[in-house]
Amino acid sequence: MEEILKNLNPRQKEAVTTINGPLLILAGPGSGKTRVLTHRLAYLIANNIAPENILAVTFTNKAANEMKQRIAKLIGEKIYAPLIGTFHSICLKILRKEIDKLGYKKSFVIYDEDDQLSVIKKIIPELEINKDQFPPKKAAAIISGLKSEFIDYATYAENAREYFEKTMSRIYSAYQNELKKNNALDFDDLIMLTIKLFEKFPETLNKYQEKFQYILVDEYQDTDPIQYRLIKLLASKNRNICVVGDDAQSIYSFRNADFRNILNFEKDYPEAKVITLDQNYRSTQNILDAASKIISKNKYQKPKNLWTENPAGPLISIISTWDEKTEAELIAQKIEELKKQGFKLKDFTVFYRTNAQSRAIEETFIRNNIPYKLIGATKFYQRKEIKDLISYLKFIATEDLISLERIINIPPRGIGEITFEKIKRLGLKKATKEKPEINKFYTLIRDLKKKSEKLSLSQLLKLVLEETDYRNYLKKTYGGNVLANDIPEDEARWQNIQELVNVCSDYDKIEPPQGLYEFLEKTALFSDADEINEQKDLVHLMTLHTAKGLEFSVVFISGCEEGILPHSRSLINPLDVEEERRLFYVGITRSKSHLYCIFAQRRSNWGQKEANPPSRFLTEIPQELISFEEFYKKEGGDLIDF
DNA sequence: CCATAATTCTTTTTT
DNA sequence: AGAATTATGG
């Protein structure tokens with residue numbers, strides 16, 4: 001117990017020890033939020049609250065895992081960790097147990113973004129809808145938006161009046177039917193169906209209300225209406241609900257997150273206690289001053305008063321560069337310089353507004369031999385070769401149509417569109433007599449399926465690679481193509497597959513075929529932030545959104561230009577600009593000491609050069625905190641003339 | 001059915 | 001500019 005309460009300031013201590021009733025913790029950046037959360041969970045357990053009666057919701061799986069580890073350390077003895085996870089992973093757990101009540105099989109599959117899109121792409125022509133009027137991506141976004149507000153297709157159809165809504169509602173219901181037919185759920189369904197389950201079966205809700213007597217939600221400012229509703233349902237009985245967040249760090253309104261959820265907490269729970277954590281332990285005084293000044297420009301927010309006992313630290317460096325290439329050069333050069341002062345590679349990070357910006361930086365880092373890790377962008381599990389192989393595994397496990405469509409002719413085995421239609425009509429087994437190629441494929445899958453019950457996961461994957469002659473397929477399709485880092489493309493893709501084999505071998509100790517199922521479960525909910533690994537000595541490259549919750553000694557924010565940050569799409573709406581400002585605020589408050597904000601005089605966008613003025617956010621930093629530099633050197637070292 | 005050529009899209013941010 | 005999708009000819 002002493003261990004748990006040691007090294008906490010009075011407010012933190014209060015937040016840790018107030019265990020009953022609703023509690024709102026307003027936690028500014030660097031205020032020791034994670035510390036408070038883990039200590040609070042440990043404190044609950046130390047006070048004889050059974051771990052299984054605790055539910056903690058985090059924003060990423062990585063945060064969940066870290067929290068579990070830290071609690072184990074604090075408690076010392078071997079305990080079962082409480083249920084800690086993201087909204088999606090928690091709902092997945094509940095649905096795996098209960099979803100049969102809603103008419104799905106418990107073995108349901110999860111469709112990711114790509115899968116969703118292929119479903120919609122298939123549906124739109126079937127419904128004879130013009131795909132230029134209803135672009136599949138847009139339709140997918142609308143459906144996801146509706147689900148985040150808990151509007152199902154029936155409700156939407158009832159209220160559809162105009163042509164657009166009526167057509168959209170046809171797409172929505174056809175989409176949902178298709179998913180149901182395949183016993184599939186998309187990300188939003190995980191939460192939506194959990195609520196449906198609870199609302200339709202009060203005794204089930206009651207069971208979980210009694211189970212989760214103590215609920216904790218992190219990053220509460222980024223909850224959307226459906227998540228809000230879920231938490232409200234679960235917490236309504238015991239009202240031991242603790243939420244943590246910071247309205248100034250709300251950056252997900254584009255996917256319907258609503259920071260008013262945090263501002264209204266006291267209305268939802270009038271008896272709530274509110275604790276504000278405003279001492280910053282992370283950043284220098286200069287950085288904190290700049291951050292406070294910037295965020296104060298936002299109209300819609302709770303006023304804050306962040307303070308720190310840290311030293312002033314170096315000035316904030318604002319640097320003007322020639323273009324995105326010199327920008328990257330500059331970052332590389334600064335990293336080399338600071339490394340000589342004793343900084344490690346893992347102390348550095350580069351943030352950008354859009355993933356596309358990472359390219360120039362990546363190329364420069366490769367050229368300068370700076371080891372780096374790119375987070376997000378072309379996500380590992382989205383790469384073609386990885387998705388192909390996971391689709392094989394998925395089809396072996398669940399026989400869903402989307403996976404089948406993906407693998408049926410990869411590598412090419414003479415089964416085209418027309419033949420595939422036949423298979424869909426007759427089913428794979430019956431279609432075998434239509435064409436010898438189908439029979440061959442059927443036998444392949446049947447044998448793999450059989451083997452999957454005995455082989456460990458990595459062995460199974462290796463067998464798939466062997467049986468499909470996948471390496472040769474890569475050579476045929478990508479051979480001869482050489483990537484920016486001088487590696488042949490087929491070789492690079494093969495390396496990715498080796499990495500996948502490595503990941504799979506982590507599941508080898510789990511009894512087959514259970515290992516396969518657990519692997520598929522994990523990969524389905526994998527997120528960008530989960531791949532961040534502080535142990536490795538690398539420079540991390542990521543979007544500002546992914547940066548939330550992290551900290552680094554040296555932070556570079558690239559592309560501080562109007563139209564980039566704030567993004568051009570946000571400029572129409574002042575509320576959106578406020579969100580961009582929060583994004584910038586999140587970015588700068590990640591820094592412990594050194595902060596570089598860089599803008600380029602020109603930048604290629606879509607293969608076209610454009611010139612943008614420096615970001616308005618830079619002008620919001622007080623002059624006396626800034627040191628300004630210009631960097632217009634070309635690779636050869638010549639100065640460029642204006 | 002499949003390899004190549006032509007074309008059209010992409011870039012906001014993501015669980 | 002580069003990737004992804006679709007059209008074309010074999």
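The analysis underlying the following values was restricted to heavy atoms, covering all of them including side chains, and did not include hydrogens, waters or symmetry mates.
- Within 4.0 Å of T546(A), counting heavy atoms only, lie sugar-phosphate atoms of the nucleic acid but no base atom.
- Side-chain polar atoms of D469(A) and N472(A) form a donor-acceptor pair below 3.5 angstrom.
- Listed nucleotides dT11(B), dT14(B), dT12(B) differ in distance to N605(A); the shortest reach to its side chain belongs to dT11(B).
- Of the candidates dA1(C), dT14(B), dT5(C), the closest approach to any side-chain atom of W606(A) belongs to dA1(C).
- In this structure, H567(A) packs face-to-face on the six-membered ring of dT12(B), meeting both the 5.5 Å centre cutoff and the 30° plane limit.
- When heavy atoms are screened at a 4.0 angstrom cut-off, K548(A) is found touching no nucleic acid atom at all.
- Within 4.0 Å of T419(A), counting heavy atoms only, lie sugar-phosphate atoms of the nucleic acid but no base atom.
- Distances were taken from every side-chain heavy atom of R359(A) (C-beta onward) to each of dA3(C), dT15(B), dT14(B); the shortest belongs to dA3(C).
- Note on ring orientation: taking the six-membered ring where Trp is involved, the planes of F59(A) and Y252(A) are tilted (angle from 30° to 60°).
- Looking at heavy-atom distances under 4.0 Å, F87(A) makes no contact with the nucleic acid at all.
- Atom name P, nucleotides dA4(C) and dT13(B): the rounded distance is 15 Å, in whole Å.
- By the 5.5 Å and 30° criteria, F254(A) is not stacked with the base of dT14(B).
- For the 3.5 Å distance criterion, the side chains of S148(A) and N256(A) qualify, holding a donor opposite an acceptor.
- Between K121(A) and the phosphate of dT5(C), there is a side-chain N or O to OP1/OP2 separation shorter than 4.0 Å.
- Under the 3.5 Å distance criterion, the side-chain polar atoms of Q221(A) are left unmatched by any main-chain donor or acceptor of D258(A).
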